[in-house]
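This report refers to the structure that appears directly beneath it.
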Amino acid sequence: DIVAYWDGFGVDDDAGQRALLRRIHDWLLPGSQALIEVYTPWHWADAAGTEMAIGHARRQYGFDAFGCRMTDRWWPAADPSNAVEQSLRCYSPADLALLMEGTGLTLTTVEPGGTIDRATHAYVPQAPLARAMSYLAICARPR
């Protein structure tokens with residue numbers, strides 16, 4: 001039995017994310033695992049201000065250091081006033097472990113994801129945790 005959650009953990013505030021973790025616990029059988037992709041704060045803080053063209057759109061990353069949230073702003077290249085923005089709360093593994101307190105889940109393993117090579121703008125599928133955009137948090141519901 002497994003729960004997998006990619007590219008969205010951190011949409012809510014900490015209380016909402018903790019409630020989600022409790023729900024994930026309840027979905028799992030004892031001894032099962034959840035796989036959760038979590039964005040790192042260090043990558044997104046470093047990426048703040050990066051702007052790029054994607055087709056007929058523009059995209060810019062930002063970082064709210066107080067809230068530890070990456071921001072992702074998109075707009076039509078011809079109409080910057082028509083922008084939309086989304087954000088995700090970023091968690092270090094230590095912050096995620098603290099968030100899990102009282103949820104019934106335990107953070108057992110962290111597997112770093114990839115990063116962007118800033119010189120070539122190419123995706124690098126494996127990076128050290130200190131440079132990774134995100135990591136896979138493997139969480140267990142104890143038996």
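Note that the coordinates shown come from a computational prediction; the quantities given were computed from them, not determined experimentally.
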Item to complete: For the pair Arg118 and Asp46, find out whether any cationic side-chain nitrogen is under 4.0 Å from an anionic carboxylate oxygen.
Response: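 Yes, this pair counts.
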Worksheet item: Hey, are Asp14 and Arg89 close enough for a salt bridge, meaning a charged N less than 4.0 Å from a carboxylate O?
Response: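 Between Arg89 and Asp14 there is a salt bridge, with a charged N closer than 4.0 Å to a carboxylate O.
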Can you find a heavy atom in the side chain of [X] that is under 4.5 Å from one in the side chain of [Y]?
X: Val11; Y: Leu88; value: yes
X: Tyr135; Y: Leu96; value: yes
X: Cys90; Y: Trp42; value: no
X: Thr40; Y: Pro93; value: no
X: Val38; Y: Val110; value: no
X: Cys68; Y: Trp44; value: no

Within the distance-only criterion (no hydrogens, no angle test), does the side chain of [X] pair as donor or acceptor with the backbone N or O of [Y] below 3.5 angstrom?
X: Arg141; Y: Leu28; value: yes
X: Thr103; Y: Arg22; value: no
X: Gln17; Y: Asp12; value: yes
X: Thr120; Y: Ala122; value: yes

For the [atom1] atom of [X] and the [atom2] atom of [Y], what is their distance to the nearest 0.5 Å?
X: Leu35; Y: Cys139; atom1: CG; atom2: SG; result: 8.0 Å
X: Leu20; Y: Leu99; atom1: CG; atom2: CG; result: 9.5 Å
X: Asp79; Y: His56; atom1: CG; atom2: NE2; result: 14.5 Å
X: Asp13; Y: Arg69; atom1: CG; atom2: CZ; result: 7.5 Å
X: Arg131; Y: Gln126; atom1: CZ; atom2: CD; result: 12.0 Å

State yes or no: do [X] and [Y] share one hydrophobic cluster built from I, L, V, M, F, W and Y residues joined by side-chain heavy-atom distances below 4.5 Å, directly or via other members?
X: Met70; Y: Tyr91; result: no
X: Trp27; Y: Ile2; result: no
X: Ile116; Y: Trp6; result: no
X: Leu107; Y: Tyr5; result: yes

Which atoms form the tightest heavy-atom contact between [X] and [Y], and what is the distance?
X: Pro128; Y: Pro112; value: C-CB, 4.2 Å
X: Pro41; Y: Ser92; value: CD-N, 3.8 Å
X: Thr108; Y: Ala140; value: CG2-CB, 3.7 Å
X: Pro142; Y: Gly104; value: CD-O, 3.3 Å

Worksheet item: If you count the non-hydrogen atoms of other residues, nucleotides and ligands that lie under 6.0 Å from CZ in Arg18, is the total more than 12?
Response: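 It does: Arg18 CZ has more than 12 such atoms within range.
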Item to complete: Take Trp75 and Arg73 through the side chain to side chain contact (heavy atoms under 4.5 Å, CB included) test and state the conclusion after the steps.
Response: CA-CA 7 Å; Trp75 65 94; Arg73 187 171 179 262; 3.4 Å; yes
Discussion item. Ring of Tyr61, cation from Arg59 - is the NZ or CZ under 6.0 Å from the centre and inside 45° of the axis?
Written reply: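 No.
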Discussion item. Pairing donors with acceptors under 3.5 angstrom, does anything connect the side chains of Ser134 and Glu37?
Written reply: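 Note: Ser134 and Glu37 side chains meet the donor-acceptor criterion.
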Worksheet item: Do Gln86 and Asp72 have side-chain N/O donor and acceptor atoms under 3.5 Å apart?
Response: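 Yes, a side-chain donor-acceptor pair sits under 3.5 Å.
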Discussion item. I'd like to know whether Phe9 forms a ring pair (Phe, Tyr, Trp, His ring centres under 6.0 Å) with Tyr39, so could you lay out the CA-CA distance, the side-chain angles of the two residues, the decisive distance to 0.1 Å, and finally the verdict.
Written reply: CA-CA 8 Å; Phe9 189 80; Tyr39 280 27; over 10 Å; no
Item to complete: Using the side chain to side chain contact (heavy atoms under 4.5 Å, CB included) rule, take Leu105 and Ile24 through it: C-alpha gap first, then chi angles, then the decisive distance, then the call.
Response: CA-CA 9 Å; Leu105 294 174; Ile24 289 171; 4.2 Å; yes
Worksheet item: Taking it one step at a time, do Thr71 and Phe63 satisfy side chain to side chain contact (heavy atoms under 4.5 Å, CB included)?
Response: CA-CA 6 Å; Thr71 60; Phe63 190 75; over 6 Å; no
Worksheet entry | Trace of the side chain to side chain contact (heavy atoms under 4.5 Å, CB included) decision for Val3 with Ile36 | CA-CA 8 Å; Val3 170; Ile36 303 171; over 6 Å; no
